[in-house]
Structures are given as C-alpha cells and as structure tokens.
Amino acid sequence: MKIEKVCVYLASSNKSRPEYIEAARQLGTILAKNKIDIVYGGSSIGCMRHLADAALENGGRVIGVMPQFLCDLELDHQGLSEMIIVDDMHERKKKMVENVDAVISLPGGTGTLEELLEAITWKRLGILIQPIILINTNKFFNPLLLLFEQMIENNFLDPRHRSMWTVVESPDNVIGAIESAPVWSPRAKSFAAIR
Ligand code: AMP
C-alpha cells in the first residue's frame with residue numbers, strides 16, 4: 001500500500017517541552033521526505049506549527065483544516081500548501097480524516113486527546129478503518145494505555161480492540177507501523193461479538 005496522506009493530531013501549546021517540539025519536527029521531516037501529505041489542524045502555534053514548518057522546509061505538502069473562528073483569532077498558519085476553512089470543530093474533525101491512509105497522534109492536551117479518542121471510537125464502529133499510530137514520546141501515553149487496559153479488564157473493551165491502535169516510541173517508526181498495522185474490519189461477522 002502506498003501511503004499518500006495522513007492526519008496528525010498534536011499540541012497547540014506554545015510551552016511544549018523541547019522533546020515534544022523535536023518529535024513534531026522529526027515527524028514533519030520524515031513525512032515530507034517520504035512524499036506523504038499531512039493534514040492537521042492548521043494552527044500557527046505550538047507543536048502544530050513545528051510539524052507544519054518542518055514538513056514545508058523539506059518540500060512536503062501540508063493541508064490545514066480550521067474553523068473560521070480560529071482564523072478570526074489569527075491562529076491560522078499563513079504558509080500552508082492548502083487551508084480548508086470549515087464552520088465548526090465537528091466539521092473540522094470529520095474533514096481531517098477524510099481520505100487519509102492513517103491517523104497519527106503525538107502527545108498533546110485535551111484537544112489532541114479528544115481527536116484521538118474520537119478516531120478510536122469511530123474505528124471501533126467501523127466509520128474509520130485506517131491505522132491509528134500513537135507516538136509515545138517520553139512515555140506520555142502510558143497512563144492512557146493503562147486506562148485502555150482497565151477498560152479491557154472491565155469488559156468495556158474487548159481484547160481484540162487492542163489492535164485498533166499501534167504504539168511507537170519515535171517518529172522514525174511511524175511509516176513501518178502504518179505498513180504493518182493489522183487490517184480492521186469491524187463490520188465483518190467475526191467482529192459482531194466485539195461490543
Ligand atoms: P491541544 O492538544 O489541547 O493543544 O489541542 C490541539 C488539537 O486541538 C489540535 O489537533 C487542533 O486540531 C485543536 N486545537 C486546539 N487548540 C487549537 C488552536 N489554538 N489552534 C488550532 N487548533 C487547535
């Protein structure tokens with residue numbers, strides 16, 4: 001499978017620690033060098049900006065998706081390959097995953113977590129079937145992974161749901177993880193029991 005376009009969720013905080021900024025830049029560079037288009041929230045701040053800038057500096061194509069109210073606050077990145085303006089945050093999230101080959105999350109705040117959990121929820125329902133990759137810089141996602149394990153222990157999730165996401169330690173491992181992610185087909189009969 002040729003990976004053409006991915007969606008990336010990550011922090012908008014301008015106070016992100018250097019290792020998170022570095023991971024954002026590294027991911028942007030790797031995707032650009034592999035000619036993989038990036039769809040992200042379109043922001044000009046925080047790790048989001050570093051991802052976009054690193055990709056653009058390396059000849060990549062970066063598409064932002066932003067609601068009008070955030071553009072009005074001048075939070076839109078002015079140098080992107082393409083900016084899609086939407087009406088609200090709901091439309092934004094839907095647009096961001098349209099026709100992408102994978103969803104990638106770097107560490108971030110509530111916005112990142114909300115987007116990631118929506119993608120996982122949609123995958124569980126079969127609305128989205130693409131690989132979901134968590135880049136676990138500084139083991140940031142460990143508490144969330146522990147919570148997923150608790151969900152499994154308490155039968156809120158089935159053990160087979162673990163294959164909805166792949167955890168990697170570094171942006172270097174993202175492309176391999178997308179290529180080797182298990183096929184997800186929750187609408188097949190064998191998945192009907194996973195509730
Ligand atoms: P957070 O992780 O809370 O910083 O939120 C980042 C995610 O939420 C991004 O992937 C964006 O889609 C969205 N978001 C939150 N705040 C902003 C902002 N100031 N500018 C653009 N997008 C934002």
Side-chain angles (χ1 to χ4, degrees), residues 1-12 23-24 27-28 30-32 34-43 46-49 51-52 55-56 60-71 75-77 80-136 141 144 148 157 161-168 171 173-188 191 194:
M1 162 194 129
K2 165 98 184 73
I3 308 167
E4 291 181 349
K5 183 157 77 169
V6 297
C7 166
V8 182
Y9 306 134
L10 75 171
S12 62
L27 180 65
I30 289 169
L31 294 174
N34 284 278
K35 310 226 169 314
I36 298 172
D37 293 357
I38 297 172
V39 184
Y40 85 117
S43 184
C47 290
M48 296 174 76
R49 177 177 196 107
L51 168 87
L56 293 166
R61 185 171 150 69
V62 185
I63 303 145
V65 186
M66 215 179 217
Q68 186 62 53
F69 84 93
L70 284 177
C71 294
L75 287 170
D76 52 319
H77 193 304
L80 300 183
S81 319
E82 185 182 345
M83 178 66 95
I84 300 170
I85 310 290
V86 293
D87 285 338
D88 54 44
M89 296 295 269
H90 292 287
E91 196 188 339
R92 179 201 225 182
K93 283 186 289 172
K94 214 167 145 193
K95 197 88 202 158
M96 282 172 75
V97 294
E98 236 174 59
N99 302 320
V100 294
D101 299 307
V103 172
I104 302 166
S105 183
L106 279 156
T110 52
T112 302
L113 197 60
E114 194 244 341
E115 291 167 333
L116 171 63
L117 288 181
E118 181 167 280
I120 292 174
T121 304
W122 285 3
K123 187 158 178 175
R124 185 174 173 183
L125 298 170
I127 299 167
L128 175 158
I129 54 164
Q130 293 89 334
I132 297 177
I133 313 298
L134 279 71
I135 304 178
N136 202 15
F141 285 114
L144 179 65
F148 288 157
L157 280 180
H161 285 125
R162 281 194 195 103
S163 67
M164 290 193 293
W165 58 83
T166 306
V167 182
V168 298
N173 312 117
V174 163
I175 292 178
I178 295 172
E179 287 168 346
S180 60
V183 174
W184 180 253
S185 51
R187 290 188 179 154
F191 275 86
I194 308 183

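Predicted model, so just to flag it, every value in this text is computed and none were measured.
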Do L56 and S81 pass the side chain to side chain contact (heavy atoms under 4.5 Å, CB included) test, and can you show the C-alpha distance, the side-chain angles, and the key distance before you say yes or no? CA-CA 8 Å; L56 293 166; S81 319; 3.8 Å; yes

Just do the side chain to side chain contact (heavy atoms under 4.5 Å, CB included) check on N34 and I3 with the steps written out, would you? CA-CA 9 Å; N34 284 278; I3 308 167; over 6 Å; no

Given side chain to side chain contact (heavy atoms under 4.5 Å, CB included), test C71 with I85 step by step and report yes or no. CA-CA 8 Å; C71 294; I85 310 290; 3.4 Å; yes

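Here the closest heavy-atom approach between residue M164 and residue I120 is recorded as CE-CG2, 3.6 Å. The nearest pair of heavy atoms linking I63 to K5 is CD1-CD, 4.1 Å. Considering all non-hydrogen atoms of both residues, L134 and F141 come closest at CD2-CG, 3.9 Å. Residues M96 and V100 share a closest heavy-atom pair of O-CG1, 3.6 Å. Between M89 and P67, the closest heavy-atom pair is SD-CG, 3.6 Å. For the pair A55 and I38, the tightest heavy-atom approach, listed with the atom from each and the gap, is CB-CD1, 3.6 Å.
Remark: A52 pairs with Y40, V62, H77, L80 by the side chain to side chain contact (heavy atoms under 4.5 Å, CB included) rule, at least two apart or across chains. For R49, the side-chain hydrogen bond (donor to acceptor under 3.5 Å, both in side chains) partners at least two apart in sequence or on another chain are D53. With sequence neighbours left out, E98 forms a salt bridge (charged side-chain N to carboxylate O under 4.0 Å, His left out) with K95. For D37, the salt bridge (charged side-chain N to carboxylate O under 4.0 Å, His left out) test picks out R61, with sequence neighbours left out. In this structure, the side chain to side chain contact (heavy atoms under 4.5 Å, CB included) partners of D88, at least two apart in sequence or on a different chain, are H90, E91. In this structure, the ring pair (Phe, Tyr, Trp, His ring centres under 6.0 Å) partners of W165, at least two apart in sequence or on a different chain, are F148.
Here the side chain of D101 pairs no donor or acceptor atom with the backbone of V6 at under 3.5 angstrom. The backbone N or O of G41 sits less than 3.5 Å from a side-chain atom of R92, completing a donor-acceptor pair.
Here the CD1 atom belonging to I132 is positioned 7.0 Å from the CG atom belonging to L116, to the nearest 0.5 angstrom. Rounded to the nearest 0.5 angstrom, L27 CG and L106 CG are separated by 5.5 Å. The CD1 atom of I175 lies 12.0 Å from the OG atom of S180; values are rounded to the nearest 0.5 Å. Here L75 contributes atom CG and F69 contributes atom CZ; the two are 9.0 Å apart, rounded to the nearest 0.5 Å. Atom CG of L31 sits about 7.0 Å away from atom CG of L51, to the nearest 0.5 Å. Interatomic distance, CD of E4 versus CG of N99, reported as 10.0 Å (0.5 Å rounding).
In this structure, L117 places its CG atom where more than 12 heavy-atom neighbours from other residues, nucleotides or ligands lie under 6.0 Å away.
Pairs passing the side-chain hydrogen bond (donor to acceptor under 3.5 Å, both in side chains) check and including a residue from residues 107-119, sequence neighbours excluded, read K93-E114, K93-E118.
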